[in-house]
Amino acid sequence: MMYRSEFFLNIIGTLLFIYVQISIWCALLPSYATDAIVGSGQMVTFVIVSYLLRQASRTYFTRAFETKINHGNISIDLIRPISLKFMMFAEQLSENLSMILFACIPAAIISGFVWGIELVVGIPNMLLFGLSVLLAITLQFYIEYIAGMCVFWTRDSVYTSQALGGLILIFSGSTVPLWFYPDWLNIVGLFLPFRLMAFEPIRIFMGHADLSGAIEIIAHQALWIVGLYVLERLVWREIQNNVFIQGG
Amino acid sequence: MDAIKLFFAFTKVSFLTQLEYPARYLVRAFGKILSFGGGFALLAIMLTRFGAIGTWSMYEVLLLYSVNILCYSIGATFAMPVCNLSARVRNGLIDYILTKPVNSMYLYVCQQVSAGYTTNYIISLFIMGVSLYNLDIGVTAFSVVYLVLSIIGGSLIHAAALIASGVPAFWLVKSHALSNIFYWEATRFIDYPINIYAGGVQFILTFLIPYAFINYYPVQLFLGRADTPFSSILTYLTPLVGVICFFLAYRFWEFGLNAYQSTGS
């Protein structure tokens, strides 16, 4: 019974969030007819897909690391025969999956009926979108995992994740799409991985990127993941060699 | 008198503790600046591109937003521990509070008062100053007094809402999703002028969960606007609504405390 009410409340929470976003875009877009990149119908699609993507890629790695470090459990994780990273990724992914299935998808279907969602692309682009979503999740997991490892030095998870959250908020283009950003900010964003975590995959879904464009986005994501993998290995080695572990 | 002394003693400890770890304080400040500054930055990006939200201009919306952040920060300084009550119920802190000869909520708040919001005050006051400067509003003695009273009222509303979302922990109900909707999702609505929402939503935000009184109504008076959906008298009511909300939240706390059974830890 408890869980059933929790289930409905999560759906209501999701709908409220989507409603606020849609209201704000409906208020903004009519005054913006000069170069119409998007209509309000497309903005609704953007809001819903971006919400799903954000829920699918959220993590609690920084907090998990802080608990592990402060309680000393990390020492056990370090000697386990299975990789800590793999374990944390799998755990987070399964948690996100249940949230997506039981709260976000129902809410997305309801909002699709209420406000209308536009499906414009064919099957090949849809498959590429699926692939780029998987890569976007991997990318976000890697970034947050590396930020989580920084807790070994900052000793504070709340604000490490807040700082990262601020960067993601500004540069991922998941709340305000990057079309509306001033040029100089978009140029800064081009050198950062954050846009590949939300804005670019959503562009594939909305049909704003053709096949070759979509493949280019996926290649960019793959490159960043390789780079972050190397960085993660380096930080990890530093931790294994030089970090002092509290007695727990 | 003793009560006030007690408050300052605890607050001093809280701030001094923070200063003991300067590196950690800097990380915190940096995190806060990025996350709250990020919110402002997004709003500024939106407004530079579109010019206005409905009939509200860029600096009017920024003023609205900064008043909300300031009230949140002041309210949360005192009431955030109550919102996180369930952790303290579990570790038995409430039993400790109940055995002392001081008002239970007062002692609890004093003991847990947070020194972590200094960066928030600075950011929101800064944005508020920038907006007021650019809006070129004539400042009178009345408007300053009224602004201060409204901010106190708005902070009380935020505090009351935080208390109300924490108190169910006394029944050991895990009400995470409910408090999430009641506070975190619902206060998102007042990030923007509420006249962009449907009439029913405006009604709820005014008469049922009166978050619109935190910023939407009082700011109107300051801007000399009259966008009030129900009655222009609402622009004057924030301090009163704040006191009423806080009183109700306090009664709810007492009610919860009566039902409380120790976890025995």
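The shown structure was predicted, so the numbers you read here are calculated from the model rather than taken from an experiment. Order of the sequence lines sets the chain letters (A, B, ...), proteins ahead of strands, with each chain counted from 1.
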Q | Greatest number of heavy atom pairs closer than 4.5 Å to chain B - which of A:Ile24, A:Asn10, A:Ile22 | A | A:Ile24
Q) For the atom pair CG (A:Leu167) and OG (B:Ser35), what is the distance rounded to the nearest 0.5 Å? A) 10.5 Å
**Q.** Side chain, backbone, both or neither of B:Tyr197 within contact of chain A (heavy atoms, under 4.5 Å)
**A.** both
Q: Could you tell me whether a side-chain N or O of B:Arg49 sits under 3.5 Å from a main-chain N or O of A:Trp179, the two making a donor and an acceptor?
A: yes
Q) Does any heavy atom of chain A fall under 4.5 Å from the side chain of B:Ala29, the backbone, both, or neither of them? A) neither
Q | Candidate pair B:Phe50 and A:Trp25, rule side-chain contact (heavy atoms from CB on, under 4.5 Å), full reasoning | A | CA-CA 10 Å; B:Phe50 296 98; A:Trp25 289 111; 3.8 Å; yes
Q: State, to 0.1 Å, how close B:Ile53 and A:Leu28 come at their nearest heavy-atom pair, and which atoms those are.
A: CG1-CD2, 3.7 Å
Q) Between B:Glu185 and A:Leu16, what is the shortest heavy-atom contact and its length? A) CB-CD1, 4.3 Å
Q | Approximate separation, where rounding is to 0.5 Å, of B:Ile45 CD1 and A:Leu178 CG | A | 9.0 Å
**Q.** Side-chain heavy atoms of B:Lys32 within contact of A:Tyr159, under 4.5 Å
**A.** yes
**Q.** Nearest heavy atoms of A:Tyr19 and B:Ala198, plus distance in Å
**A.** OH-N, 2.9 Å
Q. Heavy atoms, side chains only, cut-off 4.5 Å: are A:Tyr181 and B:Leu42 in contact?
A. yes
